[in-house]
J.: 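Please read through the structure below; I'll follow up with questions.
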Amino acid sequence: MDPFCAAVRSLIASIPTGTVATYGQIARLAGKPRGARQVSWVLHSQSGKYKLPWQRVIGVKGRISLPLHRGFFEQRRLLRQEGIDVDNRGSVDLKKFRWPGPGETLPAKKKGTGRAGP
DNA sequence: AGTATGACGTTTT
DNA sequence: AAAAACGCCATAC
């Protein structure tokens, strides 16, 4: 098994309820800065098998990436069910719901403050 | 082996 | 600011 997949599963499983993360962020933390698409692949491939909270992973713009004819509505419903505010277009306010929140501890990985620099 | 594809992200119009 | 083009990288065929 690829360590990348394991890292992705672990990271996604560690996303707290009520928060969301982006594909690129997960990919970066998993060690593949350009592996955002592969994160999505791990999700739609193994989410059901490993019971992962796939709904907490969205695009970098805070927008649900699923096409309307796929699980878009289901993801929107699940996120709202967790208390995350999602508008009808599938947009989430990353400033409020992004994981890790400002000042929260990251699973041991560099990446300074991650926020507004000096 | 080579091409097409996608639950992405960054850069350029 | 919004949209299109381009770049990535593992699968599918």
Side-chain angles (χ1 to χ4, degrees):
Chain A
M1 116 128 43
D2 283 330
F4 176 71
C5 297
V8 169
R9 286 199 306 267
S10 175
L11 286 165
I12 292 178
S14 68
I15 300 176
T17 304
T19 66
V20 295
T22 69
Y23 299 94
Q25 183 180 4
I26 297 296
R28 193 168 38 234
L29 293 176
K32 279 196 183 354
R34 309 286 191 261
R37 308 190 91 135
Q38 282 62 288
V39 171
S40 74
W41 167 74
V42 173
L43 250 49
H44 81 77
S45 176
Q46 315 187 11
S47 61
K49 200 150 107 185
Y50 288 88
K51 312 247 177 63
L52 297 175
W54 57 272
Q55 70 272 21
R56 295 180 197 153
V57 185
I58 60 180
V60 70
K61 295 303 234 330
R63 190 84 175 285
I64 291 178
S65 297
L66 271 67
L68 292 170
H69 56 60
R70 295 297 235 185
F72 178 93
F73 297 100
E74 184 175 330
Q75 179 167 18
R76 194 182 61 179
R77 184 174 57 75
L78 288 170
L79 288 177
R80 283 173 172 170
Q81 191 177 347
E82 293 186 355
I84 296 176
D85 220 3
V86 189
D87 70 12
N88 292 334
R89 298 196 316 259
S91 296
V92 177
D93 190 348
L94 287 179
K95 292 181 128 162
K96 285 185 177 176
F97 301 105
R98 183 123 147 24
W99 175 81
E104 295 191 16
T105 62
L106 214 56
K109 204 74 177 177
K110 50 175 157 68
K111 172 94 174 24
T113 63
R115 216 78 59 180

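Here is the naming used below: chain letters follow the sequence lines, and residue numbers restart at 1 for every chain. Bear in mind the structure is a predicted one, so any value in this text is a computation, not a measurement.
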J.: Tell me the interatomic distance from A:K32, atom NZ, to C:dC9, atom P, rounded to whole angstroms.
T.: 9 Å
J.: Check A:R76 against A:V86 and note the closest heavy-atom contact, atom names and distance.
T.: CG-CG1, 3.6 Å
J.: Between A:R56 and A:T17, does the side-chain hydrogen bond (donor to acceptor under 3.5 Å, both in side chains) criterion hold? Intermediate values first, please.
T.: CA-CA 8 Å; A:R56 295 180 197 153; A:T17 304; 3.1 Å; yes
J.: In whole Å, what is the span from the OH atom of A:Y23 to the P atom of C:dG7?
T.: 24 Å
J.: OP1, OP2 of B:dC8 versus side-chain N and O of A:S65: anything below 4.0 Å?
T.: yes
J.: For A:R63 and B:dG9, give me the distance from atom CZ to atom C1', rounded to whole Å.
T.: 16 Å
J.: Quick check for you: among B:dA7, B:dG9, C:dC9, whose closest atom lies nearest to any side-chain atom of A:Q38?
T.: C:dC9
J.: When the distance from CZ of A:F73 to C1' of B:dA7 is rounded to whole Å, what number comes out?
T.: 15 Å
J.: How many whole angstroms separate atom CZ of A:R28 from atom C1' of B:dC8?
T.: 12 Å
J.: Would you classify A:G59 as touching base, sugar-phosphate or nothing, given that sugar-phosphate means primed atoms plus P, OP1 and OP2, and contacts are heavy atoms under 4.0 Å?
T.: sugar-phosphate
J.: Atom NE2 of A:H44 and atom P of B:dC8: how far apart are they, to the nearest Å?
T.: 10 Å
J.: For A:Q55, does its backbone N or O pair with a side-chain atom of A:Q75 as donor and acceptor, under 3.5 Å?
T.: yes
J.: Heavy atoms from C-beta onward define the side chain here; which of C:dA10, B:dA7, B:dG9 lies closest to that of A:L66?
T.: B:dA7
J.: Once you round it to whole Å, what is the distance between C1' of C:dC9 and CG of A:L43?
T.: 16 Å
J.: In the structure shown, which nucleotide is the Watson-Crick or G-U wobble counterpart of C:dA2, with both distances under 3.5 Å?
T.: B:dT13
J.: Output the rounded distance in Å from CD1 (A:I64) to P (B:dG9).
T.: 14 Å
J.: Closer than 3.5 angstrom, by distance alone: can the side chain of A:Q38 be matched with the main-chain N or O of A:F4 as a donor-acceptor pair?
T.: no
J.: 5'-most contact on DNA chain C: A:C5 or A:R34, nearest heavy atom basis?
T.: A:R34
J.: Which pair of non-hydrogen atoms, one from A:A36 and one from A:A27, has the smallest distance, and what is that distance?
T.: N-CB, 3.6 Å
J.: For A:R37, answer base if it contacts any base atom (sugar-phosphate contacts may also be present), sugar-phosphate if it contacts only those atoms, and nothing otherwise; contact means non-hydrogen atoms under 4.0 Å.
T.: base
